[in-house]
Amino acid sequence: MAEKTGYLHEKFRLFHVCDKKAWTCPYHYHDFDKITLFLQGHVTYDIEGTSYVLQPFDVVVIPAGQIHRPVIAGDAVYERIIAYLSPSFIDTFARRGFPVLPVFQTPSPILRQHQEAGSVYSTACRLRQAWMVSGTAGDILKEAIFTEFLIYLTQAVNEKKIGYVHQNKKNEKIIQVMDYITAHLTEKLTIPSIARACFLSPDYIMHLFKEETGLSIGQYITTKRLQKARHLIEEGRALTTVCYDCGFTHYSTFYRAWKKQYAIAPKHVNQILNSDFTE
């Protein structure tokens, strides 16, 4: 089963991770946006039913809620810089007139830069080198350079000066199922109705979805509804209407699902914390 992972107290958090092991990470998702700067290794990234083969200095952008996993092959060193970005961190750019959301709304979640591209690549190199500076000075330097990196990356996306990596492998049926669920999230969703809409048998669709995503279709629907509910609650919407706006038929069903997922009551949404996880 895919799990919600990642840990975020602050507005954003940076990690530099370098290890050497063949590993298939479990499917998981985060309640915040994530950017990974891939530096070296033999890695394929599976994101919402599509696989992408990474090259050094690719940028992987994962919006909150997307199910994903890296698959690490061989014994080459796997090096990456990971940034966890809270909604409040993203909002600070928009409030100052420079929204960075376009980075998370690209045709592909894998952005491929070229060494001759200039600012994005050179800033990525300086960000990598910043981990050589220790202590508080190093922390401040990393934050400053990452902010610079995010600005240049956003400009490259806006000006169409960065490449998009298209899939190495794509399961059209899984994507069709996910798209249908997203489009009909507030409606009554059943395995037979989804199967009919996607021209598949119920047994086949259940087996295929579980195999490709690590989640049952029911778990995926509940996860997506809870993510939507969390955003609505954070916007100040009343709990008594949020559950129905997200497709739950009874408040008690919504409440039990929420408690199982987050271990706290919905009214304490700002206290949600996740376990540390740096894939």
Side-chain angles (χ1 to χ4, degrees), residues 1-13 27-36 47-49 60-68 82-96 98-106 109 150 154 157 175 177-189 213 215-275 277:
M1 171 181 173
E3 297 180 351
K4 173 172 63 67
T5 61
Y7 169 92
L8 192 62
H9 278 304
E10 309 91 338
K11 287 186 177 181
F12 84 104
R13 229 183 141 188
Y27 283 104
H28 61 282
Y29 67 94
H30 307 284
D31 282 321
F32 45 80
D33 297 325
K34 183 184 76 169
I35 292 178
T36 297
I47 305 171
E48 296 273 318
V60 184
V61 290
I62 308 289
Q66 285 202 348
I67 295 171
H68 61 280
I82 304 168
Y84 291 166
L85 312 179
S86 70
S88 61
F89 178 79
I90 298 293
D91 288 345
T92 57
F93 291 87
R95 288 197 300 269
R96 299 181 69 178
F98 187 80
V100 297
L101 276 178
V103 169
F104 296 94
Q105 300 168 340
T106 56
L150 186 55
T154 304
V157 169
I175 293 172
V177 171
M178 289 178 169
D179 287 345
Y180 182 83
I181 290 171
T182 299
H184 300 271
L185 197 59
T186 61
E187 303 171 16
K188 183 179 179 180
L189 289 169
T213 69
L215 285 175
S216 70
I217 292 179
Q219 289 168 336
Y220 182 78
I221 292 169
T222 299
T223 295
K224 290 297 183 180
R225 284 175 171 167
L226 289 175
Q227 289 164 359
K228 181 176 180 179
R230 180 175 176 180
H231 291 310
L232 292 178
I233 295 170
E234 289 173 341
E235 291 174 0
R237 300 278 289 276
L239 291 176
T240 51
T241 61
V242 163
C243 68
Y244 303 110
D245 292 340
C246 297
F248 291 96
T249 54
H250 301 285
Y251 182 80
S252 58
T253 304
F254 161 69
Y255 188 86
R256 285 195 301 270
W258 180 282
K259 285 277 287 186
K260 182 178 180 181
Q261 184 85 341
Y262 297 114
I264 61 173
K267 65 181 180 179
H268 300 308
V269 63
N270 292 329
Q271 298 177 20
I272 292 174
L273 300 176
N274 306 318
S275 60
F277 193 81

Start with the C-alpha distance between Gln227 and Asp31, add both sets of side-chain angles, then the distance that settles side-chain contact (heavy atoms from CB on, under 4.5 Å), and finish with yes or no.
-> CA-CA 7 Å; Gln227 289 164 359; Asp31 282 321; 4.0 Å; yes
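- Checked by atom type and distance alone, the side chain of His231 never pairs as donor or acceptor with a backbone atom of Ala229 at under 3.5 Å.
- Distance check: Tyr244 OH to Tyr251 OH gives 9.5 Å after rounding to the nearest 0.5 Å.
- Proximity of a side-chain donor or acceptor of Arg225 to a complementary backbone N or O of Cys246 within less than 3.5 Å is detected.
- A 4.5 Å side-chain heavy-atom check between Asp245 and Thr186 finds every atom pair outside the cut-off.
- In this structure, Leu150 and Thr154 approach most closely via the heavy-atom pair O-OG1, 2.7 Å.
- Counting heavy atoms from C-beta on, the side chains of Asp91 and Phe93 never come closer than 4.5 Å.
- Centroid-to-centroid, the aromatic rings of Tyr180 and His184 come within less than 6.0 Å.
- To the nearest 0.5 angstrom, Phe104 atom CZ is 4.0 Å from Asp33 atom CG.
- Counting heavy atoms from C-beta on, the side chains of Thr249 and Lys188 never come closer than 4.5 Å.
- The aromatic rings of Phe32 and His30 sit parallel to each other, their planes meeting at less than 30°, with 60° as the upper class boundary.
- In this structure, the separation between CD1 on Ile233 and CH2 on Trp258 is 4.0 Å, given to the nearest 0.5 Å.
- Between the Gln219 side chain and the Ser216 main chain, a donor and an acceptor come within less than 3.5 Å of each other.
- Note: Thr106 OG1 to Leu101 CG = 11.5 Å, rounded to the nearest 0.5 Å.
- Glu48 has a carboxylate O that lies under 4.0 Å from a charged side-chain N of Lys224, or vice versa, which qualifies the two as a salt bridge.
- With contacts defined as side-chain heavy-atom distances shorter than 4.5 Å, the pair Tyr255/Pro266 qualifies.
- Judged by distance alone, with hydrogens and angles left aside, the side-chain atoms of His28 form a donor-acceptor pair with the main-chain N or O of His68 at under 3.5 Å.
- The line from CD1 of Ile67 to CD1 of Ile47 is 12.0 Å long, rounded to the nearest 0.5 Å.
- Across all non-hydrogen atoms, the minimal contact from Pro102 to Val157 is O-CG1, 3.7 Å.
- Side-chain atoms of Thr241 come within 3.5 Å of backbone atoms of Ala238 as a donor-acceptor pair (strictly under, hydrogens ignored).
- Looking at Ile35 and Ile82, their side chains never come closer than 4.5 Å, going by heavy atoms from C-beta outward.
- For the residue pair Leu185 and Ile221, the shortest heavy atom distance occurs at CD1-O, 4.1 Å.
- Note: Lys228 NZ to Thr223 OG1 = 15.0 Å, rounded to the nearest 0.5 Å.
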